[in-house]
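Working notes for the structure below.
Chain letters run A, B, ... following the sequence lines, proteins first and then strands; every chain starts at 1.
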Number of protein chains: 2
Amino acid sequence: MTQSFFYIFVIMKNKPSLLTMNFSELFVPGLSVDCVIIGFEDHKLKILILKWNSDIDGWALPGGFVLKNEDLDKAAIRVLKERTGVELPFLEQFKTFGNLDRGKRNNALEKVKIDGITPEHIEWMNQRFISTGYVSLVDIKKCDPRPDILSEKIDWIALDELPNLILDHKHIVKKAISFIKNQINYLPIGITLLPERFTMKELQLLYESILEKKLDRGNFQRKMLKLDIFNRHEKHLEGGAHKAPYLYSFDHEKYNKLLEQGFSFNS
Amino acid sequence: MTQSFFYIFVIMKNKPSLLTMNFSELFVPGLSVDCVIIGFEDHKLKILILKWNSDIDGWALPGGFVLKNEDLDKAAIRVLKERTGVELPFLEQFKTFGNLDRGKRNNALEKVKIDGITPEHIEWMNQRFISTGYVSLVDIKKCDPRPDILSEKIDWIALDELPNLILDHKHIVKKAISFIKNQINYLPIGITLLPERFTMKELQLLYESILEKKLDRGNFQRKMLKLDIFNRHEKHLEGGAHKAPYLYSFDHEKYNKLLEQGFSFNS
DNA sequence: ACAAAAGTGTTTATAATACACCCATGA
DNA sequence: TCATGGGTGTATTATAAACACTTTTGT
């Protein structure tokens with residue numbers, strides 16, 4: 001319900017006239033999408049969340065409404081693009097949240113005073129909402145997070161440092177993480193989370209973050225390389241007082257071939 | 001969108017007056033649930049589907065609308081109960097279907113002439129619908145399938161003998177099966193699909209149906225028994241000209257303990 | 001006695017785990 | 001030269017897979 005604001009802002013920049021429209025004509029009523037956009041930085045998983053302005057307490061997941069002539073998936077793609085500038089790295093629906101108690105009426109909405117937002121808009125946003133959760137894995141360095149007219153800021157926050165989130169958004173995040181954890185054995189997940197070139201150590205730290213357990217260095221390296229989906233680059237990374245690690249990148253052709261035939265990486 | 005009829009029927013039996021209500025007041029607009037109810041009979045996976053009456057061509061998954069003051073999950077539970085009489089054996093949400101092209105307008109709806117169904121009801125049902133898919137695993141013998149005012153019959157149909165299904169219901173079935181296939185390594189799925197007592201052979205046939213591949217008899221038996229979640233019963237099954245197989249049942253206490261600690265059965 | 005299918009055993013191959021060793025590097 | 005972390009090797013254990021052997025039963 002709340003995410004509408006961010007969408008309104010985008011509309012305002014492009015076609016301000018749309019704001020005079022009744023939401024009921026524009027959007028599928030009562031249905032929204034929420035995106036858990038996950039990145040990896042400083043050896044930690046982080047997600048992109050929006051800090052509301054002082055009138056409204058709490059942070060929120062990037063989300064939005066579904067246009068009447070828009071696929072549900074497309075709505076999520078649009079939200080991802082609007083918040084990060086990124087197009088379709090990895091975006092998957094994981095669950096639809098439809099409990100009655102998720103949508104406690106947000107009194108804060110009544111306080112909002114923004115040009116073009118009418119009491120009818122507020123009324124519409126205060127209806128019961130069912131929200132479909134999408135999870136996206138992105139390279140933080142490729143993102144250009146865009147704050148919103150209603151939010152003081154948009155930020156990457158480590159999973160273990162999350163502030164209060166509105167509604168059931170914390171629950172949505174938990175479900176997203178558990179979804180990724182289950183998927184990791186069937187998807188070489190690093191391909192969208194890491195930069196183009198990375199070390200095996202970095203990939204291992206990513207896996208350890210997702211699985212929440214330590215892995216054996218030697219075994220991890222051997223199992224990964226055995227998948228035969230990496231290119232090893234001759235230029236080593238320099239810096240530490242130790243042997244320089246190789247840099248790797250995904251061989252997209254081999255990677256896709258492996259995905260097609262299916263595989264299992266147990267860790 | 002079509003499933004509404006079945007729900008109307010139930011309402012008619014209980015509180016016929018509700019039929020005079022506007023659907024917009026009763027239901028969350030544009031949102032439905034569809035249930036893929038899976039059973040196991042004659043060594044085959046079967047699903048419960050509804051054959052429409054002659055005015056309307058095609059079969060449909062059991063489904064329904066979501067009441068305005070009802071959890072999404074509760075709507076699925078209600079549909080399962082109404083169609084089978086069964087309460088909560090195994091019911092899980094697996095995906096929400098929201099593509100525009102899934103809801104091609106069903107001209108057949110206009111032909112329908114049923115007491116109490118007004119053009120406004122038809123109009124409402126012809127709006128764009130987004131549907132959340134639930135999958136349920138049930139013991140066919142415990143089910144009491146109930147056909148509907150609009151359907152000639154309700155039947156268990158083997159997966160490889162499915163007739164034409166309306167809308168994207170075939171696609172929904174495929175996704176449900178693939179969901180179960182992925183879950184099978186983490187859930188002793190037989191507990192709700194098989195009768196109280198069963199042979200290892202039957203359990204194996206069930207697994208082979210879901211996994212769509214043959215399994216080694218000896219290895220399957222040993223791996224299953226090693227899970228230590230079964231009770232072996234001394235009364236053997238008789239009938240064939242061969243050694244009589246033991247009957248097993250799930251030890252619910254051990255089963256639940258295993259589920260809590262998590263396990264993986266690779267087959 | 002025999003066929004058929006159950007129950008159990010055995011062998012082999014493959015993969016997971018733990019840890020050891022040597023190597024390259026910068027201070 | 002020494003501490004550090006990278007790359008690779010190896011022994012051990014656990015699991016999967018293939019298949020063989022024995023048992024029980026009705027005909």
Side-chain angles (χ1 to χ4, degrees), chain A residues 42-43 181 184-186 188 190 194 197-249 258 261-267, chain B residues 42-43 181 184-186 188 190 194 197-249 258 261-267:
Chain A
D42 302 332
H43 306 171
K181 199 167 167 176
I184 199 173
N185 288 344
Y186 308 100
L194 293 174
R197 298 196 172 189
F198 50 88
T199 65
M200 271 299 142
K201 178 79 180 187
E202 288 173 316
L203 188 60
Q204 184 183 339
L205 285 168
L206 169 59
Y207 270 71
E208 290 180 341
S209 298
I210 293 173
L211 294 168
E212 292 178 286
K213 68 174 180 189
K214 289 282 170 202
L215 301 173
D216 182 272
R217 186 174 55 86
N219 296 333
F220 180 84
Q221 181 133 339
R222 222 174 306 108
K223 269 198 290 187
M224 271 296 165
L225 292 179
K226 203 176 168 192
L227 292 177
D228 190 32
I229 52 171
F230 299 98
N231 294 317
R232 173 185 278 188
H233 302 282
E234 279 315 314
K235 285 185 182 176
H236 298 194
L237 186 71
E238 299 164 21
H242 51 76
K243 184 170 179 177
Y246 287 107
L247 284 174
Y248 294 89
S249 63
L258 186 68
Q261 71 185 55
F263 84 107
S264 169
F265 177 87
N266 290 302
S267 36
Chain B
D42 302 331
H43 306 171
K181 201 167 167 177
I184 199 172
N185 288 343
Y186 308 100
L194 293 174
R197 298 193 173 191
F198 51 87
T199 64
M200 271 299 142
K201 179 77 180 187
E202 288 173 316
L203 189 60
Q204 184 183 339
L205 285 167
L206 169 59
Y207 269 71
E208 289 180 341
S209 297
I210 293 173
L211 295 168
E212 292 177 288
K213 67 174 181 190
K214 290 280 172 206
L215 301 173
D216 181 273
R217 187 174 56 85
N219 296 334
F220 180 84
Q221 181 133 335
R222 223 175 306 108
K223 268 199 287 187
M224 271 296 165
L225 292 179
K226 203 176 168 192
L227 293 177
D228 189 31
I229 53 171
F230 299 99
N231 295 318
R232 173 184 280 188
H233 301 282
E234 278 315 314
K235 284 186 181 172
H236 297 192
L237 186 71
E238 298 164 21
H242 50 75
K243 184 170 180 175
Y246 286 107
L247 285 174
Y248 294 89
S249 63
L258 186 68
Q261 70 184 54
F263 84 108
S264 171
F265 177 88
N266 289 302
S267 36

* What is the distance from CD of B:Gln221 to C1' of D:dA17, rounded to the nearest Å? -> 16 Å
* Length of the line joining B:Phe198:CZ and C:dA6:P, which is rounded to integer Å -> 15 Å
* To do: Could you tell me which residues satisfy side-chain contact (heavy atoms from CB on, under 4.5 Å) with B:Asn231, sequence neighbours excluded, listed by chain and number?
  => B:His233, B:Ser249, B:Asp251
* Between C:dT17, C:dG7, D:dT8, which one does the side chain of A:Arg232 approach most closely? -> D:dT8
* To do: Quick one: list whatever passes ring-ring contact (aromatic ring centres under 6.0 Å, His included) with B:Phe198, sequence neighbours left out.
  => B:Phe250
* Base versus backbone protein contacts along nucleotides 18-27 of chain C [heavy-atom cut-off under 4.0 Å; B, S, -] -> BB---BBBB-
* Asked: So, the side chain of B:Gln204 versus the backbone of B:Gln221: is there a donor-acceptor pair under 3.5 Å, distance only?
  -> no
* Asked: What integer distance in Å separates B:Leu225:CG from C:dG9:P?
  -> 12 Å
* Quickly work out the A:Gln204 CD to C:dT17 P distance and round it to whole Å. => 13 Å
* Asked: Which residues pass the side-chain contact (heavy atoms from CB on, under 4.5 Å) test with A:Lys243, sequence neighbours left out?
  -> none
* Can you name the side-chain contact (heavy atoms from CB on, under 4.5 Å) partners of A:Asn219, sequence neighbours left out? -> A:Asp216, A:Arg222
* Can you find a side chain N or O atom of B:Lys201 that sits less than 4.0 Å from OP1 or OP2 on C:dG7? -> no
* Asked: In chain order, what residues pass the side-chain contact (heavy atoms from CB on, under 4.5 Å) check against B:Thr199, with sequence neighbours excluded?
  -> B:Lys201, B:Glu202, B:Leu237, B:Pro245, B:Leu247
* Nearest-angstrom distance from the residue atom CE of B:Met224 to P of C:dG7 -> 15 Å
* Asked: What is the distance, rounded to the nearest whole Å, between atom CG of B:Leu211 and atom C1' of D:dA16?
  -> 15 Å
* To do: Return the value, rounded to whole Å, for the distance between atom CZ of B:Phe220 and atom P of C:dG7.
  => 12 Å
* Separation of B:Lys214 atom NZ from D:dA17 atom P, in whole Å? -> 16 Å
